[in-house]
Amino acid sequence: MVGLEVNGRPCRVTIDPRLSLLDLLRDRLGLTGAKKGCDHGQCGACTLLVDGRAVLGCLTLAARLDGARVTSIEGLTPESASEDEGEGALHPMQQAFIDHDAFQCGYCTPGQILSAVALIAAEPQPDDARIREHMSGNLCRCAAYPNIVAAVRAAAGRMGGA
């Protein structure tokens with residue numbers, strides 16, 4: 001039995017000790033935003049936030065996360081969302097990805113966004129080189145990299161950074 005907070009909601013589940021966080025979210029909890037790409041920790045499509053840090057969901061054992069706070073793309077909401085905006089409000093990073101056309105097929109986008117959110121939380125004013133370095137673990141087969149860097153830079157400004 002493992003107890004987690006998933007997207008702000010308490011969750012207690014009995015799991016196989018070999019179950020990855022990605023498979024727990026996708027197969028047991030129905031949260032399919034994080035994608036299973038390579039299943040070897042090389043593409044970043046499965047990036048999630050655990051206690052605010054970016055982790056690869058395919059390599060993270062759910063059993064080791066008792067008491068952790070997990071955020072998937074479905075739970076990423078703006079901290080300053082008003083009652084009027086409600087559940088449909090977008091996080092500044094999500095809006096920046098839209099504004100800067102930082103995705104094409106969209107498969108890698110949830111992982112890209114969560115990785116970028118973790119970067120800005122740890123380093124509010126990264127320069128373009130630092131953004132590229134941090135985001136290098138998230139592959140985009142459509143090659144939207146310049147737009148991703150622009151989106152992260154813009155969102156940093158909206159999130160109180162650069």
Side-chain angles (χ1 to χ4, degrees), residues 4-8 18-26 29 31-81 89-162:
L4 308 164
E5 180 182 300
V6 178
N7 296 333
R18 299 167 291 177
L19 186 70
S20 72
L21 176 58
L22 178 63
D23 289 338
L24 171 65
L25 293 181
R26 290 183 61 80
L29 301 180
L31 298 171
T32 58
K35 304 303 182 211
K36 187 175 273 199
C38 67
D39 210 22
H40 295 288
Q42 297 176 346
C43 72
C46 64
T47 302
L48 298 157
L49 299 179
V50 174
D51 295 327
R53 289 184 47 243
V55 301
L56 297 171
C58 72
L59 297 181
T60 303
L61 291 176
R64 296 187 55 127
L65 299 178
D66 196 40
R69 289 177 300 110
V70 177
T71 304
S72 69
I73 195 71
E74 293 93 341
L76 189 66
T77 57
E79 294 170 9
S80 61
L90 294 177
H91 186 278
M93 191 65 70
Q94 291 170 310
Q95 188 61 55
F97 266 63
I98 292 168
D99 295 345
H100 291 272
D101 197 26
F103 58 92
Q104 290 180 27
C105 80
Y107 196 82
C108 71
T109 305
Q112 297 271 3
I113 289 172
L114 290 172
S115 186
V117 166
L119 168 63
I120 301 307
E123 191 174 334
Q125 299 181 15
D127 61 18
D128 287 2
R130 178 68 180 115
I131 293 169
R132 282 191 292 277
E133 176 188 345
H134 180 83
M135 300 300 293
S136 67
N138 294 82
L139 302 181
C140 174
R141 299 219 180 237
C142 301
Y145 296 116
N147 298 16
I148 290 169
V149 171
V152 174
R153 188 179 339 104
R158 292 182 196 146
M159 293 169 66

**Student:** Any sub-3.5 Å donor-acceptor pair from H100's side-chain atoms to A102's backbone N or O?
**Tutor:** no
**Student:** Between Q104 (side chain only) and A144 (backbone N and O only), is there a donor and an acceptor less than 3.5 Å apart?
**Tutor:**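 Judged by distance alone, no pair lies under 3.5 Å.
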**Student:** Roughly how far, to the nearest 0.5 Å, is CD1 of I148 from CG of N138?
**Tutor:**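 Reported value, rounded in 0.5 Å steps: 8.0 Å.
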**Student:** Looking only at heavy atoms, which two atoms of V152 and F97 are closest? And how far apart?
**Tutor:** CG2-CE1, 4.4 Å
**Student:** Keeping D39 on the side-chain end and C58 on the backbone end, is there a donor-acceptor pair under 3.5 Å?
**Tutor:**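 No: the side chain of D39 does not pair with the backbone of C58.
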**Student:** Looking at D101 and N147, what are the two nearest heavy atoms and their distance?
**Tutor:** O-ND2, 2.9 Å
**Student:** How long is the span from the CD atom in E133 to the CE atom in M135, to the nearest 0.5 Å?
**Tutor:**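 Reported to 0.5 Å precision, the distance equals 12.5 Å.
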**Student:** Which atom pair, heavy atoms only, marks the closest approach of A96 to A151?
**Tutor:**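 Shortest heavy-atom contact: CB-O, 3.3 Å.
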**Student:** Please round to the nearest 0.5 Å and tell me the distance separating atom OG of S72 and atom CG of L31.
**Tutor:**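 Going from OG on S72 over to CG on L31, the span is 4.5 Å.
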**Student:** Would you say that L56 contacts Q42 through its side chain, given a criterion of any heavy-atom pair below 4.5 Å between the two side chains?
**Tutor:** no
**Student:** In terms of heavy-atom contacts, does CZ of R130 have more than 12 from other residues, nucleotides or ligands at under 6.0 Å?
**Tutor:** yes
**Student:** Search all heavy atoms of Q94 against all heavy atoms of H91 and return the closest pair with its distance.
**Tutor:** OE1-N, 2.8 Å
**Student:** Look up atom CG in L49 and atom OG in S115, then write down how far apart they are to the nearest 0.5 Å.
**Tutor:** 8.5 Å
**Student:** About how many Å separate CG of L119 and CG of L114, when rounded to the nearest 0.5 Å?
**Tutor:**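 That separation rounds to 12.5 Å.
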**Student:** Distance from L4 atom CG to R69 atom CZ, nearest 0.5 Å?
**Tutor:**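 If we round to the nearest 0.5 Å, L4:CG and R69:CZ are 12.0 Å apart.
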**Student:** Using every non-hydrogen atom in the two residues, find where G33 and I73 come nearest and quote the distance to one decimal.
**Tutor:**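 Closest approach of G33 to I73: CA-CG2, 3.6 Å.
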**Student:** Answer yes or no: is there a side-chain heavy-atom contact under 4.5 Å between C140 and Q112?
**Tutor:** yes
**Student:** Any side-chain heavy-atom pair from C108 and F103 closer than 4.5 angstrom?
**Tutor:** no
**Student:** Within the distance-only criterion (no hydrogens, no angle test), does the side chain of E74 pair as donor or acceptor with the backbone N or O of T32 below 3.5 angstrom?
**Tutor:**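 Pair found, side chain donor or acceptor close to backbone of T32.
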**Student:** Taking all non-hydrogen atoms of both residues into account, name the closest pair between S20 and G57 and its distance.
**Tutor:** CB-O, 3.5 Å
**Student:** Walk me through whether R158 and M93 qualify under side-chain contact (heavy atoms from CB on, under 4.5 Å).
**Tutor:** CA-CA 8 Å; R158 292 182 196 146; M93 191 65 70; over 6 Å; no
**Student:** Please tell me if the side chains of T47 and P110 come closer than 4.5 Å, counting only heavy atoms from C-beta onward.
**Tutor:**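 Of all side-chain heavy-atom pairs linking P110 with T47, none is under 4.5 Å.
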**Student:** If we only count heavy atoms from C-beta on, is the V70 to L24 side-chain gap below 4.5 Å?
**Tutor:**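 A side-chain contact under 4.5 Å is absent here.
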